[in-house]
Each structure stands twice: as C-alpha cells, then as structure tokens.
Amino acid sequence: MFFLLIRLVKGPSMADRVVALDTIGINLIGFIGLLMIMQNTILYAEALLIIAILAFISTLSFAKFLEGGIVIDSGNSD
C-alpha cells in the first residue's frame, strides 16, 4: 500500500495514478473481506459493496476523462 501511495502521488503519468488508485481500492476491498472472514460476521458487507461500487465508477470516470471524452453528458446533442 505504501508503494501504491507513492505511485499515486508521483506517478509518471495520469494513467499510472488511476491504476494505483484502482489497486488501492481493490486492496481495501480485500482487506475488509479478510476482516469479515476473520471475525466471522457480515457486518461490513455494506461498506464493502459501497467501496466496490465507488472504485468501479471512479475508474470508469477517470478512464473516460483520460480518453478525452465527456464524463457527464448533459443530454443535449445539438
């Protein structure tokens, strides 16, 4: 996680920073999953799902932004 934070801050390109952010999200999901298994509970399931959804949406948004497209379309196709 420490090296991912370094890559997130100093990454040579924006794509490297996006990949580091996505990997941090995946590691966080895995850590919470292991914590749920070790404690034998489903107490953190909602937090796990919210983090997974936010990580997925942010990765898609950053990818669309880096591609040069419009992230949020207003619906006006004039």
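Since this is a predicted model, take the numbers as computed values, not measurements.
Under the 4.5 Å side-chain heavy-atom criterion for Ile, Leu, Val, Met, Phe, Trp and Tyr, Leu5 and Met14 are members of the same hydrophobic cluster. Note: the hydrophobic cluster containing Leu4 also contains Phe62 (ILVMFWY, side chain heavy atoms under 4.5 Å, direct or indirect links).
When hydrophobic residues (I, L, V, M, F, W, Y) are linked wherever their side-chain heavy atoms come within less than 4.5 Å, the members clustered with Phe3 are Phe2, Ile6.
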Distance-only donor-acceptor pairs under 3.5 Å for side chains of residues 33-48, two or more places apart:
| from | atom 1 | to | atom 2 | distance (Å) |
| --- | --- | --- | --- | --- |
| Gln39 | OE1 | Tyr44 | OH | 3.2 |
| Thr41 | OG1 | Leu43 | N | 3.1 |

List, one per line, each side-chain donor-acceptor pair under 3.5 Å for residues 20-28, sequence neighbours excluded.
| from | atom 1 | to | atom 2 | distance (Å) |
| --- | --- | --- | --- | --- |
| Asp22 | OD1 | Thr59 | OG1 | 3.0 |
| Thr23 | OG1 | Val19 | O | 2.7 |
| Asn27 | ND2 | Thr23 | O | 3.4 |

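Evaluation of the side chain to side chain contact (heavy atoms under 4.5 Å, CB included) rule for Ala63 yields no partner, not counting sequence neighbours. Qualifying side chain to side chain contact (heavy atoms under 4.5 Å, CB included) partners for Ile50, counting only residues two or more places apart in sequence or in other chains: Leu54.
Among residues at least two apart or in separate chains, side chain to side chain donor-acceptor pair (under 3.5 Å) pairs with a member in residues 1-19 are Ser13-Asp16.
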